[in-house]
Protein chains: 2
Amino acid sequence: MILSTKGRYGLKIMYELALNYGKGPMSLKEIALRQQLSETYLEQLIVPLKKTGLVTSVRGAQGGYELIGKPDEITVGEIIRTLEGPLAPSECVLDDDPECTRAEYCVTRLIWERIMEGINNVVDSITLDDMVKDYYMLKQKKEGEK
Amino acid sequence: MILSTKGRYGLKIMYELALNYGKGPMSLKEIALRQQLSETYLEQLIVPLKKTGLVTSVRGAQGGYELIGKPDEITVGEIIRTLEGPLAPSECVLDDDPECTRAEYCVTRLIWERIMEGINNVVDSITLDDMVKDYYMLKQKKEGEK
DNA sequence: TGAAATCCGACTTAAAAGGTAGGAATTAAT
DNA sequence: ATTAATTCCTACCTTTTAAGTCGGATTTCA
């Protein structure tokens, strides 16, 4: 049940952009450097993020990417679903599955629905701003230890 | 983020065994028939369920499988984790990941931990007995519609 | 003794994961 | 004007995983 690198790295991209929010565009090169990830791979991942309208780009030298919305308006759920598709444990709970009219009265389906609801509740309750706050919390804590 | 068929079919196996609880062993053939699944594939899936001690087997003709514990003591979480491994969105939240001492203060890791906790809370709160009850509820409802 | 089961291990095929590579287009700074 | 930095675009590659299948050995009830 581990997420693919798409969702995981995608969140890292968005987190870096959130830390940089309001400071102009940030290049993928810098993000890749800070997160120790392959820049060319991140290029792939940012395409859907742009298409969904979560980020915008500035081309050319000194260009890069920026969040479109404010960090407290972007949830972890939106980001992960953009890159991974719907967060469902089984296809049969997605809108329109034709095979799911079964003689077993589909009890398992009820379970998948509950699980899906649980997962989405969690990820939709966390925003990028929460992550930024976590960062400053951790930072302060670490400085206190010196 | 869709579960593999291991976890999904595995839960169906356990659900059938729960419906059959107390009535002697049930063969994979019958389970496969009722759930419209490949019997030989289910053979693979039941191995870990047996190894973990969730089911026991009776060999020979009229043999089959039975739940070891009572349906209200077996959670969906146990079953899925047995077949899918730990329900974590990232490896880095599993005990001992060595790579996770990072300069970013690992804010994303905090997020994965919260998500993992959320998922496990949901699946561990549902037992096989809940599914059996769901079955009788749905059945009654359907009969009322006639 | 035969049929119905579980058990065991190897094999197969297709898709997905996790990238790389090469180059075109755009733009700020010099 | 040129150069360097950047996004953008398309294709390709390699390894792993998913989702089974297959053949046969073993056990046991009828």
Side-chain angles (χ1 to χ4, degrees), chain A residues 1-13 16-17 20 24-52 54-68 80 83-86 89-92 99, chain B residues 1-13 16-17 20 24-52 54-68 80 83-86 89-92 99:
Chain A
M1 262 282 289
I2 284 176
L3 282 180
S4 73
T5 53
K6 285 181 197 160
R8 301 209 314 274
Y9 296 179
L11 183 60
K12 291 189 180 221
I13 292 174
E16 288 294 338
L17 293 180
N20 197 60
M26 185 181 202
S27 72
L28 279 188
K29 189 173 188 174
E30 191 175 347
I31 295 174
L33 196 68
R34 293 171 67 102
Q35 292 286 342
Q36 314 259 53
L37 301 171
S38 149
E39 183 187 347
T40 58
Y41 188 41
L42 295 189
E43 277 182 21
Q44 313 285 325
L45 305 188
I46 207 147
V47 172
L49 293 172
K50 204 188 159 188
K51 198 176 293 178
T52 318
L54 289 172
V55 306
T56 187
S57 63
V58 178
R59 299 189 69 170
Q62 269 61 266
Y65 296 89
E66 294 177 276
L67 295 185
I68 288 186
I80 297 182
L83 288 155
E84 301 272 348
S90 172
E91 284 185 6
C92 77
E99 301 170 55
Chain B
M1 262 282 287
I2 284 175
L3 283 181
S4 73
T5 55
K6 285 180 197 161
R8 301 208 315 274
Y9 296 178
L11 182 61
K12 292 188 180 224
I13 292 174
E16 288 293 339
L17 293 181
N20 197 60
M26 187 182 201
S27 72
L28 278 188
K29 189 173 189 176
E30 190 176 347
I31 295 174
L33 196 67
R34 293 170 66 100
Q35 291 287 341
Q36 315 259 53
L37 301 172
S38 150
E39 183 187 346
T40 58
Y41 188 41
L42 295 190
E43 277 182 22
Q44 313 286 325
L45 305 188
I46 207 147
V47 172
L49 292 172
K50 203 186 158 188
K51 198 176 293 176
T52 318
L54 289 171
V55 306
T56 186
S57 63
V58 178
R59 298 189 69 170
Q62 269 61 264
Y65 297 89
E66 293 178 276
L67 295 186
I68 288 186
I80 297 183
L83 288 155
E84 300 272 348
S90 171
E91 284 185 7
C92 77
E99 302 170 52

In whole angstrom, what separates [X]'s [atom1] from [N]'s [atom2]?
X: A:Glu30; N: D:dT6; atom1: CD; atom2: P; answer: 9 Å
X: B:Glu84; N: D:dT17; atom1: CD; atom2: C1'; answer: 12 Å
X: B:Leu45; N: D:dA19; atom1: CG; atom2: P; answer: 10 Å
X: A:Ile46; N: D:dC8; atom1: CD1; atom2: P; answer: 8 Å

Where A:Gly24 and A:Asn20 come nearest, the two heavy atoms and their spacing =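 For A:Gly24 versus A:Asn20, the nearest heavy atoms are O-ND2, 3.0 Å.
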
message = Can you give me the closest heavy-atom contact between A:Gln62 and A:Pro25, atom names plus distance?
response =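 Nearest pair, atom of A:Gln62 first, then A:Pro25: O-CG, 3.7 Å.
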
inquiry  = Using a heavy-atom cut-off of 4.0 Å across all strands, would you classify A:Leu28 as base, sugar-phosphate, or nothing?
reply    = sugar-phosphate

query = Is the closest side-chain heavy-atom distance between A:Ser4 and A:Glu84 below 4.5 Å?
reply =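 The answer is yes; the side chains approach within 4.5 Å.
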
note = Given protein heavy atoms under 4.0 Å, the one-letter contact record of nucleotides 20-30 of chain D, with B base, S sugar-phosphate only and - none, is simply BB----BBBBS

Where chain A begins and ends its contact with DNA chain C, read 5' to 3' at 4.0 Å from heavy atoms =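 The contact span of chain A on DNA chain C goes from C:dA17 to C:dA29.
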
Quick one: side-chain contact (heavy atoms from CB on, under 4.5 Å) partners of [X], sequence neighbours excluded?
X: A:Leu67; answer: A:Met14, A:Leu17, A:Ala18, A:Tyr21, A:Val55, A:Pro71, A:Ile74, A:Leu128
X: B:Glu30; answer: B:Met26, B:Ser27, B:Arg34
X: A:Thr56; answer: A:Glu66, A:Ile68

Side-chain N or O of B:Lys6 closer than 4.0 Å to phosphate OP1/OP2 of D:dA18 = yes

query = To the nearest 10 degrees, how far apart in direction are the end axes of the helix from C:dT1-D:dA30 to C:dT30-D:dA1, each fit to five base pairs?
reply = 10°

Under 3.5 Å donor-acceptor pairs involving side-chain atoms of residues 41-52 of chain A, not counting sequence neighbours:
{"unit_1": "A:Tyr41", "atom_1": "OH", "unit_2": "A:Thr5", "atom_2": "OG1", "d": "2.9"}
{"unit_1": "A:Lys50", "atom_1": "NZ", "unit_2": "A:Ser57", "atom_2": "OG", "d": "3.0"}
{"unit_1": "A:Thr52", "atom_1": "OG1", "unit_2": "A:Pro48", "atom_2": "O", "d": "2.6"}

